[in-house]
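Written out below as C-alpha cells is the structure these notes cover.
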Amino acid sequence: MKIATYNVNGVNGRLAVLLRWLREAEPDVVVLQELKAPQEKFPETAIRDLGYDAIWHGQKSWNGVAMLSRVGEIHETRRGLPDDPDPAQSRYIEAAVNGILIAGLYLPNGNPRPGPKFDYKLKWFDALIAHAASLFDSGLPVVIAGDFNVMPTEADVYKPERWREDALFAPEVREAFFRLTGQGWTDALRKIHPDETIYTFWDYFRNAYGRNAGLRIDHLLLSPSLTARLVDAQVDRDVRGWDKTSDHAPVWIALSDEKPSRGKKR
DNA sequence: ATGACTACTTTGAGTAGA
C-alpha cells in the first residue's frame with residue numbers, strides 16, 4: 001500500500017500536474033495540502049475519473065486539505081483539530097481507509113517570527129501534539145502526514161545558518177516536532193534514508209531546484225505497527241521539475257500487507 | 001536587509017507562501 005502527501009499549491013492551478021502525477025505514481029491514498037480553493041471548487045470529477053474517492057476541507061484563497069483513495073471507502077473521522085486555535089483555517093482532515101487511520105495536515109508557516117503568526121503556529125502545534133497523543137494511545141495503525149513547515153534537523157536544510165531565526169527552523173518549532181515524535185512516532189523518510197540529503201521543497205526563487213537548495217518539511221509519521229510494515233519511502237523529486245509545478249514534491253511510503261493474525265481469516 | 005517567483009483575488013496591486 002502506497003500512501004503519499006503532496007502540497008499541491010493550488011489544486012486547480014496545478015491540476016494538470018496533480019493528475020499526471022497520480023497517473024504515473026499510482027498512489028493508493030494521498031493527502032493534499034494548500035488546495036487554495038473553496039469547498040465547491042474542488043476538482044472532484046477529474047480526480048474521480050482517475051479512480052479516486054475524495055474528501056476535502058476547502059477554504060477560499062488559502063490552505064485547504066484533502067484525502068484521496070483508490071483502495072476503498074474513506075471513513076472521515078474529523079476535520080479540524082480538537083481545540084483548533086482558528087477553525088476558519090482548513091488545515092486538518094482525518095479518516096480511516098483500508099484499515100489505517102490517516103491524518104492529513106497543513107501546519108501554519110509561522111513567519112514572520114516573532115509575531116502573531118508564529119504564536120499561532122506554536123498553538124496549532126500544541127493542539128496537534130495533544131490530539132496525536134490520543135491517536136497514538138489508541139493503538140491503531142496511524143499515519144500523520146502533511147506539510148509540517150518544519151525542518152527537524154540541520155540535515156534537512158540546504159543552508160542551516162541562514163534559517164536559524166526562521167519560523168520553519170526556529171528552536172521552538174523543532175522542539176515541538178521532537179515533542180511530537182517523542183510520543184513514539186517514526187519519521188518514515190528519515191528511517192529509510194538515515195544519512196541522505198533529501199528535500200521535499202525547493203522555492204521558486206533563484207533556481208533553487210536546479211541548485212538543490214531545498215528543505216525537508218513534508219513528513220509522514222508512523223505509529224509502531226505501521227513502522228513494522230514500512231518497506232520504502234521516497235520523494236518524487238522529478239515532479240518539482242515539471243512545468244507549472246508546485247514548489248513541493250510528493251513524498252510517499254510503501255507499506256507491506258498486514259500480516260494475517262492468528263485465528264483471523266483473510 | 002531585500003528580493004527573487006507564483007497563486008489567489010469582486011483582476012490588480014495586495015496578501016501569502018517558505
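Residue numbering restarts at 1 for every chain, and letters A, B, ... go by the order of the sequence lines. In this text, all values refer to a predicted model and were calculated from it rather than measured experimentally.
Note: CD (Glu161(A)) to P (dA1(B)) measures 15 Å, nearest angstrom. In this structure, Tyr209(A) atom OH and dA18(B) atom P are separated by 19 Å, rounded to whole Å. Rounded to whole Å, atom P of dG17(B) lies 12 Å from atom CD1 of Ile217(A). In this structure, Asn7(A) places its CG atom 17 Å from P of dA16(B), rounding to the nearest Å. Taking atom CG of residue Asn63(A) and atom C1' of nucleotide dT9(B), one finds them 15 Å apart after rounding to whole Å. We find that CD of Gln59(A) is positioned 17 Å from P of dT15(B), with the value rounded to whole Å.
Using a cutoff of 4.0 Å between basic side-chain nitrogens and carboxylate oxygens, Glu165(A) and Arg113(A) are scored as salt-bridged. Ion pairing between Arg91(A) and Asp84(A) fails under the 4.0 Å rule for side-chain N and carboxylate O.
Where Arg162(A) and Pro38(A) meet DNA chain B, the nucleotide closest to each residue was compared, and Arg162(A) sits on the side nearer the 5' end. Remark on DNA chain B: of its neighbouring residues Trp62(A) and Phe201(A), the 5'-side contact belongs to Trp62(A), judged by nearest-heavy-atom nucleotide.
Residue His248(A) has a polar side-chain atom (N or O) positioned under 4.0 Å from OP1 or OP2 of dA18(B). Within the 4.0 Å cut-off from OP1 or OP2 of dA7(B), at least one side-chain nitrogen or oxygen of Arg14(A) is found. Checking the phosphate oxygens (OP1, OP2) of dA7(B), a side-chain nitrogen or oxygen of Lys244(A) falls inside 4.0 Å. Using a 4.0 Å cut-off, some side-chain N or O of Lys117(A) falls inside it from OP1 or OP2 of dG17(B).
Comparing the P positions of dA18(B) and dA7(B) gives an interatomic distance of 14 Å, to the nearest angstrom. Nucleotides dT15(B) and dG3(B), compared at atom P, are 14 Å apart to the nearest Å. dT11(B) and dT6(B) are spaced 23 Å apart, taking the P atom of each and rounding to whole Å. Look at the C1' atom in both dC8(B) and dT2(B): the space between them is 24 Å, to the nearest Å. Rounded to a whole angstrom, the distance from the C1' atom of dG14(B) to that of dT10(B) is 14 Å. Rounded to a whole angstrom, the distance from the C1' atom of dA13(B) to that of dA1(B) is 23 Å.
The side chain of Tyr204(A) lies closest to dG17(B) when the candidates are dG17(B), dT9(B), dT2(B). Minimum atom distance to the side chain of Lys60(A) is reached by dT9(B), of the listed dG17(B), dT9(B), dA4(B). Considering only side-chain atoms of Ser61(A), the nucleotide from dG17(B), dT9(B), dT6(B) that sits closest is dT9(B). When distances run from any side-chain atom of Leu168(A) to the nucleotides dA18(B), dA16(B), dT9(B), the shortest one goes to dA18(B). Side-chain atoms of Tyr106(A) lie closest to dA18(B) of the nucleotides dA18(B), dC8(B), dA4(B). Taking only side-chain atoms of Asn9(A), from C-beta outward, the nucleotide of dT9(B), dA16(B), dA7(B) with the closest atom is dA7(B).
With no hydrogens or angles considered, no side-chain donor-acceptor pair links Asp28(A) and Asn98(A) at under 3.5 Å. Side-chain atoms of Asn7(A) and Asn9(A) include no donor-acceptor pair closer than 3.5 Å. Remark: the Gln89(A) side chain and the Tyr120(A) side chain contain an N/O donor-acceptor pair separated by less than 3.5 Å.
Looking at Asn109(A), its side chain comes within 3.5 Å of the base of dA18(B) through a donor and an acceptor atom.
Backbone-only contact: Asp147(A) has heavy atoms under 4.0 Å from sugar-phosphate atoms and none from a base.
Within 6.0 Å of NZ on Lys41(A) lie no more than 12 heavy atoms contributed by other residues, nucleotides or ligands.
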